[in-house]
Amino acid sequence: MGGVRTGGDDVAVLLRSRGEPDCFAELFERYFAALHGYASRRLDGAGGDDVAAETFLIAFRQRDRFDPDRGSVRAWLYGIATNLIRARRREEAQGYLAYARAAARPPADPRHEEQTTDRVAAAAARGRIVAALAGLPARDRDALLLVVWGELSHEETAAALGVPVGTVGSRLNRARRKIRAALDDVDPTRPAERTANHG
């Protein structure tokens with residue numbers, strides 16, 4: 001299919017797939033890579049393949065239950081993926097903590113002092129972000145990472161999590177306060193956020 005794909009187009013494909021199951025492959029092609037990337041980042045690379053594949057398996061089996069009045073197909077898919085990641089919550093948190101520990105270690109080759117100092121500073125900042133992510137309540141982390149890594153709008157995030165848009169805003173504010181505190185009042189989550197008006 002050519003042209004710009006819209007949420008309405010996704011709904012049309014999903015509804016058509018109820019009678020023509022092969023059509024569902026279009027949604028797989030559109031969203032697999034993005035969902036894989038989101039799951040891989042949340043699970044530190046481990047389990048991204050499984051979560052992305054299982055998301056589409058569940059979505060295909062439950063396509064008759066999709067309600068376009070409750071949100072976009074994209075938000076629905078991210079909601080399924082987030083639920084699967086929740087089932088791996090311990091694995092996710094352990095991945096963040098392992099990354100933070102690794103970032104705190106000095107590099108093995110300190111010969112290039114200036115580059116090494118820059119790398120150590122960057123690794124320390126990443127380590128603080130990751131440790132802060134690990135310490136967030138699960139629901140706040142879900143909201144933050146759907147917006148920042150999943151690039152969902154506040155409305156899509158609300159649909160994915162099954163909560164009001166205002167709840168998403170509250171969770172994001174709490175999460176960002178903790179991240180800012182870990183980074184001495186710098187908020188690295190702002191540039192990647194998509195606004196509520198994003199299409």
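Rounding to the nearest 0.5 Å places CG of Leu133 at 4.5 Å from CD1 of Ile179. Distance check: Leu146 CG to Thr82 OG1 gives 4.0 Å after rounding to the nearest 0.5 Å. The line from CD of Glu26 to CG of Leu14 is 11.0 Å long, rounded to the nearest 0.5 Å. For the atom pair Asp10 CG and Leu15 CG, the distance stands at 10.5 Å (nearest 0.5 Å).
A search for side chain to side chain contact (heavy atoms under 4.5 Å, CB included) contacts involving Val165 returns His154, Glu155, Ala158, not counting sequence neighbours. Residues passing the side chain to side chain donor-acceptor pair (under 3.5 Å) test with Arg177, sequence neighbours excluded: none. Taking the ring pair (Phe, Tyr, Trp, His ring centres under 6.0 Å) definition, one finds that Phe24 meets it with Phe60, sequence neighbours left out. Residues meeting the side chain to side chain contact (heavy atoms under 4.5 Å, CB included) test with Ser170, sequence neighbours left out: Arg174.
Residues Thr157 and Arg171 form no side-chain contact, since every pair of their non-hydrogen atoms from C-beta on lies 4.5 Å or further apart. Using a 4.5 Å heavy-atom cutoff, the side chains of Tyr38 and Val51 are not in contact.
Between Phe66 and Trp76, a ring centre-to-centre spacing shorter than 6.0 Å is recorded.
Here the side chain of Glu20 pairs no donor or acceptor atom with the backbone of Ser17 at under 3.5 angstrom.
A salt bridge links Asp142 to Arg42: one of the charged nitrogens lies within less than 4.0 Å of a carboxylate oxygen.
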**Request:** Mind running salt bridge (charged side-chain N to carboxylate O under 4.0 Å, His left out) on Arg30 and Asp9 for me, showing each step along the way?
**Result:** CA-CA 11 Å; Arg30 289 177 194 183; Asp9 182 42; 2.9 Å; yes
**Asked** Passes side-chain hydrogen bond (donor to acceptor under 3.5 Å, both in side chains), Asn83 versus Arg86? Steps please.
**Response** CA-CA 5 Å; Asn83 286 336; Arg86 279 186 194 139; 2.5 Å; yes
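The salt bridge (Lys or Arg N to Asp or Glu O under 4.0 Å) analysis of residues 48-66, with sequence neighbours excluded, yields the pairs Arg18-Asp64, Asp50-Arg88.
Side chain to side chain, Tyr31 and Thr55 fail the donor-acceptor criterion of an N or O pair below 3.5 Å.
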